[in-house]
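Below: one structure, written as structure tokens.
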Protein chains: 2
Amino acid sequence: MLTTLRPELNEKLFLRDPHETDLGRKIIATSVQLIDELGFELFTFKKLAQQIGSTEASLYRYFENKHRLLVYLISWHWAWLRFQIRFHTHNVTDPHARLRLILGIITNAHRDNAATPELDEAALYRVVVAEASKTYLTREVDQVNHDGFYREYKSLCADITAVVQEIAPHYPYPHALVSTLLESARKQLFFSQHLPSLADTPTPETAKQDILGFLENIAFSVLSK
Amino acid sequence: MLTTLRPELNEKLFLRDPHETDLGRKIIATSVQLIDELGFELFTFKKLAQQIGSTEASLYRYFENKHRLLVYLISWHWAWLRFQIRFHTHNVTDPHARLRLILGIITNAHRDNAATPELDEAALYRVVVAEASKTYLTREVDQVNHDGFYREYKSLCADITAVVQEIAPHYPYPHALVSTLLESARKQLFFSQHLPSLADTPTPETAKQDILGFLENIAFSVLSK
DNA sequence: CTCCGGATAATAGTTTTACTACCATTTATA
DNA sequence: TATAAATGGTAGTAAAACTATTATCCGGAG
């Protein structure tokens, strides 16, 4: 099970595989907690090292810098989403039903009963909502992209795009639609928490369900034409 | 004309009004150039001061920090968009035509013939595309929002939402739709330039037109139900 | 005209972050 | 057991983000 939940990420994402060592696993688990708590800007390798009981230099042996660590964590989440999608849509033949399931998974509106022992999955999702855009909103996008660091996200989009194209083979914007749905799922959750006048989520309790309704409405309106 | 193009921004956005002094105007004009060139992370008050021929301490008299300066610049853009929307839809009565015009304006697909003497409007738009999310993806969102720093963006959304509600009074997600369209306009342009597999823009030349088509397709599919 | 007060800008710091070079220790293997 | 390779720890540096202090300008009161 553990192996299944630990997808193979691009090896360039790290200098040394954090899953191989005790310190490495501590880095992953503790950085999620700390970024969730402090936000990415205030998060530093020094604070992380103190929390772990290690030193800055040791952390730099695993990740080139804190941005690469963020890319690793976010990539892990995309790979994990992709795994969940494959798992839950495994024997669903109707593409409409598949897309509906996928939207449920990407809005995190489904209940998550799988165990991820090394990682606080809820904390990671909060980090994804607040910080994921920062993985590519950087001057080094093109370099980072060229090195294949966004492979997980692009694979996830490609998988969902295939479902969209199965539903509507002649729809002209399948890639844009999928990336918009993925981005909007996170952004609307962020807005519902911090800038509610930009969202339509009356109560925080039902926010994820409301967002799911919104995304389903967009997807199926657009694809049913 | 100049006064019209210089909307009243929230006074809390700055410590001293940059439009009142020579140095202030230089800060605005030069910071747009520098952020466009370096990206927000590598942009510093020291570099800006050197470029202007001033000092760090002087800049801190105008803006609390570089993040507040970014919020100011981005707010200026939202206010400017809102002005353009009012100007171009002034005597358009059909809400469908108005929304179509608005989408053209927010994708920057329309030709801009207005003069903005103090500001390189094209450079500012590139900054908006690459950096706007960073104005709210910060630990201080709630504080910054409470101080009214996102007023311009929220007013812009509110104006467009009103048009949406005129078209479809019973559509349940007007706020989410508008913020998604606004966010997607920028993000799809970014993707078309840096992560093209997430967009549907075959050539860079037609990117803005393609994105406009995508957004129109979403908006009118959703609202025509 | 000149002296004074307040506003503005420049100088020269401090603290923190991001990173690096170097040293010590442990572990794996010949 | 010897040794080198891997791992971790120490002690820096350069730059960024701010800040406290000092210098300069500028408009009015005497």
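A, B, ... follow the sequence lines: proteins, then strands. Residue 1 opens every chain. Hydrogens, waters and symmetry mates play no part in the numbers below; they use all other heavy atoms, side chains included. Everything numeric in this text was worked out from a predicted model, so none of it was measured.
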*Measure up the A/Y136 and A/Y153 rings against each other and bin them: parallel (under 30°), tilted (30 to 60°), perpendicular (over 60°).*
parallel
*Side chain of B/R61 only, please: which of D/dG8, C/dT8, D/dT10 is the nearest?*
C/dT8
_B/E20 CD - C/dT8 C1' separation (whole Å)_ = 15 Å
*Interatomic distance, B/L182 atom CG to A/L198 atom CG [nearest 0.5 angstrom]*: 9.0 Å
*asked:* If you compare every side-chain N and O of B/S54 against the phosphate oxygens of C/dA10 (OP1, OP2), does one of them come in below 4.0 Å?
replied: yes
*Return yes if some donor-acceptor pair links the side-chain N/O of A/K187 with the main-chain N/O of B/E183 below 3.5 Å, else return no.*
no
*Could you tell me the separation between the CG atom of B/L124 and the CD atom of B/E121, rounded to the nearest 0.5 Å?*
5.0 Å
*OP1 or OP2 of D/dT7 under 4.0 Å from side-chain N/O of A/Y62*: no
_Atom-pair distance (CD on A/Q50; P on D/dT10), nearest Å_ = 13 Å
_Under 4.0 Å from OP1 or OP2 of C/dA10: is there any side-chain N or O of B/S58 that close?_
yes
*Check for a donor-acceptor pair, side chain of B/R186 on one end and backbone N or O of B/I106 on the other, with a separation under 3.5 Å.*
no
_Rounded distance (Å) that lies between atom C1' of C/dC19 and atom CZ of A/R68_ = 14 Å
*Would you please classify the geometry between the A/F14 ring and the A/F63 ring as parallel, tilted or perpendicular, with 30° and 60° separating the classes?*
perpendicular
*asked:* Strictly below 4.0 Å, N to O, side chains only: are B/K134 and B/E41 in salt-bridge contact?
replied: yes
*Any sub-3.5 Å donor-acceptor pair from B/K154's side-chain atoms to A/S197's backbone N or O?*
no
_So A/R16, base contact, sugar-phosphate only, or nothing? Heavy-atom distance under 4.0 Å._
sugar-phosphate
Can you check nucleotides 13-18 of chain C for protein contacts, nitrogen or oxygen pairs under 3.5 Å, and list what you find?
from: C/dA18; atom 1: OP1; to: A/K66; atom 2: NZ; distance (Å): 3.3

_Rounded to whole Å, how long is the line connecting atom CG of A/L48 with atom P of D/dG8?_
13 Å
*How many Å lie between CG on A/L23 and P on C/dT26, as a whole number?*
16 Å
*Could you label the plane-to-plane angle of the A/W80 and A/F83 rings as parallel, tilted or perpendicular, counting under 30° as parallel and over 60° as perpendicular?*
parallel
Please write out the pairs of protein N or O atoms and N or O atoms of nucleotides 27-29 of chain C separated by less than 3.5 Å, giving the distance to one decimal.
none

